[in-house]
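Throughout, a chain's letter reflects where its sequence line sits, starting with A, and its residues are numbered from 1.
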Amino acid sequence: MIRITLPDNSVREYPEGVTGLDIAKSLSNSLAKEVLSVTVNGEVYDLTRSINEDAEIILNKWDSEDGMHAFWHSSAHLMAEALEALYPGIKLGIGPSIDNGFYYDVDPGEGVTITDSDLPAIENKMKELAQQQNTFVRKVMPKKEALEHYTRKGDQYKVELLNDLEDGTISFYTHGNFTDLCRGPHLPHTGYIKAFKLLSVAGAYWKGDERNKQLTRIYGVSFPKQKMLDEHLAMLEEAKKRDHRKIGRDLELFTFSHVVGSGLPMWLPKGAQLRERLEEFLKKVQREHGYEQVITPHIGQKELYVTSGHYAKYGEASFRPISTPAEGEEFLLKPMNCPHHCEIYKFKPRSYKDLPVRMAEFGTVYRYEQSGELHGLTRARGFTQDDAHIFCRPDQLKEEFTKVIDIIFVIFKALDFKDFIVQISLRDPHDKEKYIGSDENWEKSEKAIIEATREKGLEASIEYGEAAFYGPKLDFMVKDALGRKWQLGTIQVDYNLPERFDLEYTGSDNQKHRPIMIHRAPFGSMERFVAVLIEHTAGKFPLWLTPEQVVILPISEKVHNYAEKVLNLLKNCDIRALIDLRNEKIGRKIRDSELKRIPYLLVVGEKEAENSTVSVRKQGEGDKGSMNLQDFVKFAKQEIEKQLEDISK
RNA sequence: GCCUCUUUAGCUCAGAUGGUCAGAGCAGCUGUUUCGUAAACAGCAGGUCGCGGGUUCGAAUCCCGUGAGAGGCUCCA
């Protein structure tokens with residue numbers, strides 16, 4: 001007998017070789033129906049895999065990631081089985097579960113393409129196979145035998161995968177006629193997979209390397225119940241409605257024109273207003289933190305970027321240089337602001353007493369992003385960074401770094417971004433060639449970031465190989481409506497540019513010293529930040545920020561005079577108000593204003609005009625009853641002022 | 001840049017197998033209506049069907065090229 005410890009710390013005895021499913025059944029029938037995988041001493045097992053020693057176990061249902069991933073992973077196998085049946089000779093790459101479903105990368109063979117229109121047929125085959133309720137059987141095989149098998153089969157991708165694996169740990173899963181190299185774990189049988197949908201077809205380079213062949217990736221998602229699938233698909237539809245590209249058009253915030261060029265956003269009046277308000281807000285916070293605004297030109301000599309190292313790294317993949325007609329001098333559209341700021345630093349000799357120097361600029365930059373990468377405002381070719389560079393002494397580095405974290409917190413709190421991910425991006429220790437600068441400086445800056453992050457009590461993941469080529473970064477990522485991660489705030493430590501631009505300050509010892517640079521952008525870029533803000537708020541911006549705060553809706557022409565009076569009063573109190581004088585019924589005016597996400601709607605008719613009142617509606621909440629006009633003005637002003645106070649705290 | 005898909009009026013979309021297929025709703029304009037809390041009624045106007053070639057007696061529809069967009073991959077100073 002072995003001793004099994006359950007999550008509530010109770011201990012039960014079972015015969016050796018007992019399975020997770022056996023244990024679930026012994027606890028309750030309903031549990032046995034819901035459980036999907038079992039975690040045994042920290043390792044996730046199939047429910048049907050025997051447990052041979054004392055263990056602490058957790059039975060994973062759909063509500064746990066380990067349960068869900070077993071489900072999706074098994075779904076990927078089911079799909080692969082269907083694909084093998086429908087496309088003889090198809091070769092399989094990898095087929096994992098992901099955050100919201102699963103995919104399989106396949107090579108359908110020369111001249112065979114799988115398109116969206118083929119997905120229903122694959123789904124039908126999957127349905128048919130799922131109904132057979134084939135059990136997943138795990139088998140461990142020596143590497144040699146496995147290699148022989150796949151070599152014989154001509155499955156070059158699996159052979160490649162096998163070559164990277166340690167012998168002795170190689171497991172295979174078989175269900176029905178389908179066998180796959182796989183770590184597992186899997187569901188007991190395919191019948192668990194009751195509801196699924198194949199979502200899209202995409203190209204994906206083998207092993208994520210663009211030098212390799214591009215395989216066909218099929219994405220899908222599956223659930224234990226049809227109702228859950230329906231809800232998930234409905235949720236995806238809802239998410240599409242929050243897409244910043246759609247809301248941006250509906251609310252007249254920004255637009256693109258293929259005549260101007262792809263990836264070059266143009267801010268419409270309301271969007272420009274919104275953006276300027278955000279910029280003013282950040283400027284104020286930065287002033288309080290000792291920053292000074294600077295302004296630099298949109299172009300710079302090519303030499304500037306040769307010096308900075310950017311030209312060597314990105315020159316070939318950038319917009320081509322522009323040149324002067326007479327002299328043929330080459331200039332680049334600036335892809336970043338730091339070299340210009342370095343030159344401002346050099347404007348005069350600096351003393352250790354002057355540091356830190358904090359130079360801020362809303363700098364518009366242009367980068368040649370690959371055409372397939374452009375994505376609304378989140379990935380554009382022209383965008384404005386809320387950039388700043390801090391030039392400081394080594395002894396100031398950590399404090400300056402943590403102060404930047406504080407600013408980012410102020411911004412995120414002000415705009416109610418609660419779910420952000422913090423990522424420390426370090427260099428790839430196996431590929432140091434990609435980076436410039438000495439090992440010593442890299443180690444110093446990586447250490448500084450890790451320490452500052454720890455001192456701030458931030459839970460950060462460490463990603464190797466994600467650093468900028470000149471230094472490590474601390475990134476703040478936020479997800480969009482469809483769960484895609486975008487980097488917003490970023491802080492980067494840089495020892496390299498000061499060296500390359502030969503930046504100096506005179507120390508208390510009267511010797512020349514090298515300052516350290518911190519690059520930072522709390523919003524990241526105005527474009528990307530506004531995009532994510534739109535998707536988070538669904539266009540319902542906070543009162544202090546929204547371009548139109550109050551709309552006055554007269555019921556008929558008879559009260560236009562009174563309505564105009566209300567408008568002027570609000571405007572005089574610096575409330576952004578507008579009036580709807582259209583010859584429309586009140587229901588229509590309300591609807592249109594609601595769709596424009598205007599926070600307050602003031603309905604005024606003859607009753608209101610007589611008593612100097614307004615009938616107040618709050619967006620999304622309906623009728624709030626009538627209010628004295630003066631009282632409403634006071635109330636609205638107070639609410640706006642309170643918001644502004646709160647966000648600057 | 002690569003893979004798959006899409007591209008018809010400002011927006012959302014109809015337009016089997018090429019032949020009154022250039023349409024609808026909303027928005028716009030003009031009238032009528034002066035109205036109490038999420039779409040009044042009527043009329044009018046709007047498009048060389050992304051662009052350029054080709055096949056055909058005939059192309060929105062088929063083929064080739066190209067632009068733009070979507071979902072991914074790669075990339076992201």
Side-chain angles (χ1 to χ4, degrees), chain A residues 103 105 113-119 199-219 236 240 243 245-246 249-250 252 255-259 261-263 305 308-315 317-318 334-339 365 367-376 378-381 385 387 436 466-471 473 482 484 486-487 490 492 494 496-497 519 524-525 528 553-560 583-595 601-608 615-617 619-620 622-626:
Chain A
Y103 68 78
D105 283 349
T113 51
I114 300 175
T115 74
D116 295 347
S117 54
D118 299 317
L119 298 181
L199 298 169
S200 61
V201 178
Y205 299 108
W206 169 238
K207 288 186 169 174
D209 190 331
E210 66 179 331
R211 287 166 302 190
N212 287 339
K213 182 166 182 180
Q214 194 162 53
L215 305 181
T216 302
R217 176 172 296 180
I218 303 175
Y219 282 95
L236 287 180
K240 276 189 199 154
D243 192 315
R245 292 163 296 191
K246 175 172 165 47
R249 187 176 55 230
D250 290 349
E252 300 190 358
T255 188
F256 290 88
S257 153
H258 68 272
V259 177
S262 73
Y305 302 99
S308 72
H310 290 101
Y311 193 79
K313 178 84 182 167
Y314 294 104
S318 293
K334 75 175 170 187
M336 78 289 301
N337 307 297
C338 27
V365 297
R367 297 177 181 176
Y368 177 77
E369 304 290 0
Q370 298 186 84
S371 59
E373 256 316 324
L374 299 173
H375 185 94
T378 49
R379 194 80 185 269
R381 284 180 173 166
Q385 295 177 311
D387 210 359
I436 59 173
E466 293 293 311
F469 74 98
Y470 52 73
K473 310 190 282 178
L482 281 173
R484 291 173 291 218
W486 296 100
Q487 175 212 301
T490 180
Q492 310 173 1
D494 185 359
N496 290 300
L497 278 191
H519 309 243
S525 84
R528 182 177 288 179
L553 310 176
I555 291 197
S556 79
E557 246 170 65
K558 292 178 196 157
V559 290
H560 276 189
N583 180 8
E584 294 289 352
K585 292 172 86 168
I586 194 65
R588 174 54 175 277
K589 293 185 181 182
I590 289 170
R591 179 183 152 82
D592 289 348
S593 296
E594 288 276 351
L595 290 175
L601 282 56
L602 303 183
V603 176
V604 297
E606 291 182 88
K607 222 180 346 178
E608 286 77 10
S615 178
V616 182
R617 264 187 86 101
Q619 115 89 14
D623 196 351
K624 293 288 184 191
S626 78

Just by protein heavy atoms under 4.0 Å, how would nucleotides 4-11 of chain B read 5' to 3' in B, S and -?
SS-----S
Using a 4.0 Å heavy-atom cut-off across all strands, classify Lys607(A) as base, sugar-phosphate, or nothing.
base
Do the side-chain N or O atoms of Ser200(A) get closer than 4.0 angstrom to the phosphate oxygens (OP1, OP2) of G72(B)?
no
First encountered from the 5' end of RNA chain B, between Arg588(A) and Tyr314(A)
Arg588(A)
Counting the atoms with a prime plus P, OP1 and OP2 as sugar-phosphate, which does Arg245(A) contact under 4.0 Å by heavy atoms, base, sugar-phosphate, or nothing?
sugar-phosphate
What N/O pairs connect the protein and nucleotides 63-65 of chain B at under 3.5 Å? Give each pair on its own line.
none

Regarding His375(A), tell me which of base, sugar-phosphate or nothing describes its non-hydrogen contacts under 4.0 Å with the strands shown.
sugar-phosphate
Taking only N and O in the side chain of Lys473(A), is any of them less than 4.0 Å away from OP1 or OP2 of A77(B)?
yes
I need the NZ-P distance between Lys207(A) and C2(B), as an integer number of Å.
24 Å
Calculate the interatomic distance between Arg217(A) atom CZ and G72(B) atom P; express it in whole Å.
11 Å
Ser117(A): side chain to side chain donor-acceptor pair (under 3.5 Å) partners, not counting sequence neighbours:
Thr115(A)
Can you tell me which stems RNA chain B forms when a stem means 3 or more consecutive Watson-Crick or G-U pairs under 3.5 Å?
B:1-7 with B:67-73, B:10-13 with B:23-26, B:28-32 with B:40-44, B:50-54 with B:62-66
Between atom CG in Leu497(A) and atom P in A77(B), what is the gap in whole Å?
13 Å
How should the glycosidic conformation of G46(B) be described, syn or anti, under the criterion that syn lies within 90° of 0?
syn
Find every protein N or O atom lying less than 3.5 Å from an N or O atom of nucleotides 29-32 of chain B, and list the pairs.
residue	atom	partner	partner atom	Å
U32(B)	O4	Asn583(A)	ND2	3.3

Looking across every strand, which nucleic acid part, if any, lies under 4.0 Å from Gln487(A) by heavy atom: base, sugar-phosphate, or nothing?
nothing
Is Lys558(A) touching bases, backbone alone, or none of the nucleic acid, heavy atoms closer than 4.0 Å?
sugar-phosphate
Across the strands shown, which category fits Tyr470(A) at heavy-atom distances under 4.0 angstrom: base, sugar-phosphate, nothing?
sugar-phosphate
Among all residues two or more places apart in sequence or in another chain, which pass the ring pair (Phe, Tyr, Trp, His ring centres under 6.0 Å) test with Tyr305(A)?
none
Any base atoms under 4.0 Å from Gln619(A), or only sugar-phosphate, or nothing? Heavy atoms, all strands.
nothing
Crowding at NZ, Lys213(A) (>12 non-hydrogen neighbours, <6.0 Å)
yes
How would you label the contact of Tyr305(A) with the nucleic acid (heavy atoms, under 4.0 Å): base, sugar-phosphate, or nothing?
nothing
Under 4.0 Å, counting only non-hydrogen atoms across every strand here, what does Gly587(A) touch: a base, just sugar-phosphate, or nothing?
sugar-phosphate
Which nucleotide sits closest to the side chain of Arg484(A): A39(B), A77(B), G71(B)?
G71(B)
